[in-house]
Amino acid sequence: MIFRTPKQTGEWVNRDKKINFTFEGEAFSAFEGDTISSALWAAGQKVLGRSFKYHRARGVLSFANHDVNVLVTDGVDTNMRGDVVTVKEGMALFAVNTKGGVKKDKNSYIDSISPLLPVGFYYKAFHTPRRLFPLWENVIRNAAGLGVVNFNYPRILKRKTHSHCDVLVVGAGPTGLTAALTAAEAGLEVTIVDENRQLGGSLGYNRAADSKSVTQLDGLLSKVASLPNIKVIASAYAAGYYPDHLIPIVGESGINKVRAKAVIVASGAFEQPPVFRYNDLPGVMLGSAAQRLIYRYAVKPFNNGVVVTANDYGYRVALDLLQAGTKIAALVDMRSAGNANSAAELVKRGIKVYAGHCVYEALASSDKLGVRGAVICAYDDKQNVALTDNKFTLECDGISMSAGWAPAGALLYQAGTGMQFDYGVEQFVPSRLPNGMFAAGKVNGIFELEQRVRDGVRAAHDAIRHLGLQAPQNQAEKHVGASPSHPYPMVPHPKGKNFVDFDEDIQIKDFVNAAKEGFDNIELMKRFTTVGMGPSQGKHSNMNAIRILAKIRGLPVEKIGTTTSRPFFHPTPIGHLGGRGFHSHRLTSLHDWHQANGAVFTDIGAWKRAAYYPAAGQSKEDAIQTEALAVRKTAGIIDGSSFGKIEIHGPDAALFLERFFTGEYTDQKVGSCRYVMLLDDSGVIADDGIASRLADDLFYLSIGTSNAAAVYREMQRSQQIWQLNLGLVNVTGAFGAINIAGPAAREILSTLTDFDLSFESFPMSSVRESQVAGVEARMIRVAFVADNGYELHAPMAQIPHIWNALMQAGKKHDLRPFGSDTQRLLRLEMGHPMPGIDTDGLTNPFEIGAEWAIKMNKPYFIGQRSLVILAKRPLRKQLVPFVLADNFKGEMPMDCNLVVDGRNILGRVTSISYSKYIDRCIGFAYVSPDKKEVGSVFQIRTDSGSLVAATVVKSPFIKTLKGA
Amino acid sequence: MKLLTCPMNGTRPLSEFIFGGEYRQAPDQDTCSDAEWAAFVHNRSGAPGDKKEWWYHSPSGTWFIAERNTLTDVVSRTYLAGQNNTTQEEGK
Amino acid sequence: MQQFDVKKIIETSPVVHAQLKESAKWEVINGMNTAVEFAGVAIEGARKKVLGVADISCLQRYGVKGPNATQWLLERGIAIPTTPNSWTTCEQKTLVLRLGSSEFLIEDQLGGSACSRLESDKARAASVYKVPRADAAFIVSGSEALNLFSEICSLDLRDKSLAAKDLIMTQVAGISATVIRQTLNGEPVYRVWCDGTYGPYMWEVLIEIATELGGGAVGLTQYQNS
Amino acid sequence: MPLRLLKFALSKEHPAPRFFKAHETPKKSYDVVIIGGGGHGLAAAYYLAKDHGITNVCVLEKGYIGGGNTGRNTTIVRSNYLTPEGVNFYDASVKIYEGLSEELDLNLFYSTRGHFTLAHTESAMRTMRWRAEVNKHVGVESRVVGPDEIAKACPQLDLSCSGQAPILGALFHAPGSVARHDGVAWGYARGADRLGAEIYQNTEVLGIDVKNGKVSGVKTNKGYIETKQVLSAVAGFTPRITEMVDLETPIVIHPLQACVTEPMKPFLDTILVSGSLHVYVSQSSRGELVMGSSLDPYEVHQTRSTLDFVEGLTSHMLDMFPFLSNIKVVRQWAGMADMTPDFAPIMGKTPIEGFYIDAGWGTWGFKATPISGKTMAQTIANDSAPDLIHSFRLSRFEDYELTGEKGAASVGH
């Protein structure tokens, strides 16, 4: 570890524990706590990755996850961010997106042909001739992308938890810590989050060789630790801002969705690179990156470096470099005036300081993998041009860059904060904060340490008052002195390769040329150049892009504006976001019985329903036919517990039904059942069912499974509007239902109840309440699947008891269970269209011949007025029952095959099935009205295209075709 | 996630609610023309602004009215239908 | 016809499907087949302290709603929670939950009799509507209870936010549920009710997370003395 | 390397001219004013000039061109709709798209990768067959395929969807493609500009003058423009424009969200859509997974992002691709979808003479860009709508003649 410095106070590595790992096949050792980048850098390994487009060698740039120079794979995971991922024992790491290794990447030839790849080149070529495009596309697709996806990566579902606090503080630098303490001391419940492993932010590394700040940090931290109402979340980032102060905090273990009453954003600022030729060589890094290397990981950034700065920050960095044992060839200050005092201090230490100069270009070592020197020349920072007449070269193995900052304002932008450009700090700062949002510190344009601390207190006080408590209204801080950011830290160079966006390899000339082509507003420029669209989302590039565009357009920066900020602050893993998927489902009390008896289940709405019960080796079709035959010849039984069941109590119950459904109910006899059909306002069929009148003031409604919740919801809404004297009770889950049907049904049932089941005492379409197998049940006689059927409704928990009793009693009659798929065939044989199957989102009652169910003479029902209109219009389609030829042997048509007449589509099949009982293929289809008469013949086209003739018949099929 | 205040159950995340569309008065179906009815059934006042809307709190089965600005997505008041005298700021 | 002894009819617990996976000890309680023990009294006693989930669906319940429901219950000696969405107890710890303003769920604890008394009153009164109940009901106990809820409920259930007598109807693990906080034999616990047909799903979710957090299923035995 | 890139290497000055001229203030009057500088409006301007020689046209864009839904959609192009009208219309669009890069001399990366609409339930399978049959009938290549064929096209897909929603089959639509959405807007802008149309960015329409039932002019923040013909092609802003002329429509605005991952080496060659899981996904030529989901459930005139959208989407993505746990979502965004009751557009003439509407594009606007531009240009030039868009007319709602597109969407059970 040749670049490891002596122990630094507060360093994050544990020197007592060595870690061994390999990078690109080469063995390395590190200290526990090292990140992948710090470990490699300490070992003198400086080429850590290759760039996305030109495959240029890259090393440490921000060392803060503000760039993606260092993306590695450990063979399992990919696109791992070396700057922040800690290295673990035995890791075998490789840089992503190289061909032949990071040092000898064969794709680096692309760098040399970059003149052939101007900005937006992919729009300009490869499309003519058309037939060649697929080939080019393959080339480009193969070149695209970063890491390779591991298809065997385990499905990891992280925990997602909710938490609540009074104040959420984002960023635990001096500002955030102070704000948190202030709010907590006022008795508020505070959560403070920081993406770093340790709190303190710049207080930990921006030292200027002075350990005073460390002492200050320790003070803050011990105070924080002493307050129980401060919750500290480290190594986790606030991923975005969502309405009403919902902020997901993403950490290794999962996502914590924090709902705060107030949010203080003290997220600091991203250091921005000055732009000069070859500013991307390994060894050229941001000043704050050098400081982090030194103080967090005790790594010397380089041996002999040039410090280029365009603000006062660089002077502090210089002192830190010296402290770390780095020689400094020179400090180059791009500002004509420089900073006399700080300069003098360096000169005292024998360091050359060139004010009004710039790094014209960094010189690449012969292998292009590092820095061998820097070309220095005068810089006119009014015209922003390099004056190259007396340029000279300084030998060095590294360059530290400081030019200014961009606010880490993502959350502020996402919350809808108005930002304005403050020329005092050459930075966008909040001007209009949303309710409950507060900003403090660098993100607020405040840079001096003492001021940041005061700004933290001020923001906390504002938040405290926002929450209705007393707190002083402090004076807002204002930055004084030299701007922390340079207005235009760019050095033009005829040969370019002066990089603005390191993710996407975008140089100054790319912006110039994009503007020439008319992409001269920031959003278009972003899209054309792709600046800021890489994985680091413009953290290190957007501000310079805006400055360059402003210069091109000759406009002030605020006229250019910024691009919209979107979640996420850092790219966030799909496994974290998806988390534990909750797939809720409903089961009837007979579920275990169905399972034990080999049922195949189907999902209907939230319910799991038994679809059919195949015997060993039996096909679905056979199973269904067998079950259906049982119903026709002996008896069958089905679990209908998932049906919607609603009770309507009260004097106005019948009136309610008359308004809600299409039929008449006021004159319905107690003990009888009637069909109900629900329409929407436009007259389209929504659902249907049966209303059983149990008393003058009590109806029991049973409707289809999948719409039940929606229908009940609409009934509740109607009742709120109509304010009738009644109560609605949804008993869908409380009651189960069994339907036993078939010739033997009555006999089987009669063994379990002393109620007279004879058709005289219990005719079709009637309801009775009586004991069945000792249980109070509602018995309904409806002909949905068969004329001789009985629906039994009883408390869900008692359904299995009744079911078992019936199965027991039905043994000698070969009583068989049947499932929902069989039910479809049975109701088809009975000639009942099913909403949702035989109707679609536009079907009106006339189209299915349901005039009989519509009582237009009522004063009102939902959809009535639209039916008046529809009745005047020509019918466009008509649902008809049909049969295929006797013993039809051809290709069986299927649901949704079309009814065609040459090129015209007349309609479609909505239901079709072979019925073993009838021994015919029967179904429903929509046809043109001229074909609706019994006996008319129409053509169905099968999947393979053959035409099958179908004939309209009268339903119910079992009556017409079987005389049953 | 956005919060909404149910007049019966208090402030809850939006996921507990179902949007019920704009609260609208139907024309008198006995006197209105076919065109007027068709317009009522199909057309909507889609321009942004303050709207009265139906919302349903699923866990409790409560329908209520929310007055919401569809541009800012800010809810000014929520109340049970027919009880719009009780003003209620949305809790945050 | 075949005769049935109504007393001997065994009801099926809404949660049984999920519990069949575990080797539980079963007992018929209140006529419902119920898992009373999963892992032995000692182990479950320990679980209870960390994070215990018990299925108490077998408790007797009675539901009623309507404009006159309050009056109707008062006349039958049931104490009524004074404010909507709150709860109280009467008789032998019988829970009286006020769901919204005019709907009530009465739940007898083991040995209670209020529900059967109300049940026996078949006369239908004006503007009083019986609400048949088939709830899946659970007790969640232990130091990690809030940690569990933080993953399945977005509301703040801590004491400071959920008052002692508050009742909330919210979503738990994505489905509608009713939640209260209670002190049971000196232990703080949460009670959760949901539609019985969601019972197996709810149980699976609760147990999966509880297990991850060092707790697990707890049999009714643990609460039979409550 | 193609030769046409050589000139960039050889010439000192960047040899590419402006895509379109930067005009300062609009003229006093134009034959046609197009409101909305998205793909649709720019395409209409292009075809007005190219097909009908109408070049005294201005396009008014309140932001920057292509900045609305054109630049926010997930770039899927397909024609596997449910109604013959729909299929014919979108098929015509696909046909233009296939030659558009050459026609506009701009590489739109129009990439035909095949489109699978996955079915996890029997009722979904029914709908797939319904669409396949109609598509076949009209001559569009769609068919119902089984799990094996899906597995062949996309071996990484977990056909059981982690046991949550096993895939029973899919509607395979061979012509399904993706394209560079920005390029479509830019290409049409350049084309229209070269043929004489004028494009104004940062130009907002403040009002539209209607005198006795006829359009007479447009108020903008850059002055008043006299014109007799106005086309509104503003998607999510339609209700704000129609309100200016007191025109009632069924359009309601719902946000539609999307998100994108970090670039990865391409592995997903097809376009996948799952109705039940509310996911559509393709992998871009940059290597990013571009993912979208269903509409937000309520009306908002905003492009805000929500957390539950991305939570739900990623949860379902994991059901389909369990190995993506540690692949990272970089960015989420939203557009404003102008929804109609029957999920079909509203195109053509309106009761106001000279006011033409191109709206109701909901979640299907990008794929219709070329054909809507062409047919709206035709409508304006002839003051009468071509048969191809007859069933999309505004008056269909008063006539209770909604298109059947909704049929598929609302088949339940």
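Sequence lines set the chain letters: A, B, ... in the order given, protein chains first and strands last, and positions in each chain run from 1.
- In this structure a side-chain-to-backbone donor-acceptor pair under 3.5 Å is missing from C:His17 to A:Leu590.
- The part of A:Arg580 that comes within reach of chain C is its side chain, from C-beta onward, which places non-hydrogen atoms under 4.5 angstrom from that chain.
- Between A:Asp697 and C:Arg124 a salt bridge is recorded (basic side-chain N to carboxylate O distance below 4.0 Å).
- If you measure heavy-atom distances from C:Met32 to chain A, the contacts under 4.5 Å come from the side chain alone.
- Of the two parts of C:Val205, only the side chain, counted from C-beta on, holds a non-hydrogen atom closer than 4.5 Å to a non-hydrogen atom of chain A.
- For the atom pair A:Met796 CE and C:Asp135 CG, the distance stands at 12.0 Å (nearest 0.5 Å).
- At a 4.5 Å heavy-atom cutoff, C:Gln3 makes no contact with chain A through either its backbone or its side chain.
- A distance of 4.0 Å separates CD in A:Glu189 from NZ in C:Lys160, rounded to the nearest 0.5 Å.
- Heavy atoms only, all atoms of each residue included: C:Leu155 and A:His164 are closest at C-NE2, 3.4 Å.
- Considering CZ of A:Arg586 and OH of C:Tyr198, their distance stands at 5.0 Å, rounded to 0.5 Å.
- Heavy atoms closer than 4.5 Å to chain C are found in the backbone of A:Ser750, but not in its side chain.
- At a 4.5 Å heavy-atom cutoff, C:Ser161 makes no contact with chain A through either its backbone or its side chain.
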>> Quick one, C:Ser127 with A:Asn725, criterion side chain to side chain contact (heavy atoms under 4.5 Å, CB included). Give me CA distance, side-chain angles, the key distance, then yes/no.
In response: CA-CA 8 Å; C:Ser127 299; A:Asn725 181 1; 4.0 Å; yes
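- Interface remark: C:Glu204 contributes side-chain atoms only to the contact with chain A (heavy atom separation under 4.5 Å).
- Heavy atoms closer than 4.5 Å to chain A are found in both the backbone and the side chain of C:Pro132.
- Note: C:Glu208 leads C:Met202, C:Glu208, C:Lys130 in heavy-atom pairs under 4.5 Å with chain A.
- At a 4.5 Å heavy-atom cutoff, C:Leu157 makes no contact with chain A through either its backbone or its side chain.
- Remark: C:Ile10 CD1 is loosely packed, at most 12 non-hydrogen atoms of other residues, nucleotides or ligands lying under 6.0 Å away.
- Remark: A:His162 NE2 to C:Ser154 OG distance equals 5.0 Å, nearest 0.5 Å.
- Most heavy-atom pairs under 4.5 Å with chain A, from the set C:Pro14, C:Gly174, C:Cys153: that is C:Cys153.
- Of all residues spanning residues 648-655 of chain A, those with a heavy atom less than 4.5 Å away from chain C's heavy atoms are A:His649, A:Gly650, arranged by number.
- There is no contact between C:Leu146 and chain A, counting heavy-atom distances below 4.5 Å.
- Put simply, of A:Ile799, A:Val775, A:Thr753, A:Val731, the one with the most heavy-atom pairs under 4.5 Å next to chain C is A:Thr753.
- Taking both residues in full, the closest heavy atoms of A:Gly733 and C:Ala134 are given as O-CB, 3.9 Å, listed atom of the first, atom of the second, then distance.
- What you find for C:Ile175 and A:Ser584 is that their closest heavy atoms are CG2-CB, 3.6 Å.
- Neither the backbone nor the side chain of C:Asn33 comes within contact range of chain A; no heavy atom of the residue lies under 4.5 Å from a heavy atom of that chain.
- Residue contact with chain C, scored on non-hydrogen atoms closer than 4.5 Å, involves the side chain of A:His591 exclusively.
- Contacts of C:Lys8 with chain A are absent, with no heavy-atom separation under 4.5 Å from either backbone or side chain.
- A distance of 6.5 Å separates NZ of C:Lys65 from CG of A:Leu728, quoted to the nearest 0.5 Å.
- Looking at A:Gln808, neither its backbone nor its side chain comes within 4.5 Å of chain C, counting heavy atoms on both sides.
- When heavy atoms are compared at a cutoff of 4.5 Å, C:Asp195 approaches chain A solely by way of its side chain, counted from C-beta outward.
- Interatomic distance, A:Lys160 NZ to C:Ile152 CD1, rounded to the nearest 0.5 Å: 13.5 Å.
- Contact count versus chain C (heavy atoms, under 4.5 Å) is highest, among A:His585, A:Glu647, A:Gln595, for A:His585.
- Remark: aromatic rings of C:Phe4 and A:His801 are close, center separation under 6.0 Å.
- The nearest pair of heavy atoms linking A:Ala773 to C:Ile9 is O-CD1, 3.7 Å.
- Contact check for C:Thr197 versus A:Leu587: no side-chain heavy atoms found under the 4.5 Å cut-off.
- Nearest heavy atoms, A:Val729 versus C:Tyr129: CG2-CB, 4.3 Å.
- Interface with chain C: from residues 249-258 of chain A, no residue qualifies, criterion being any non-hydrogen pair under 4.5 Å.
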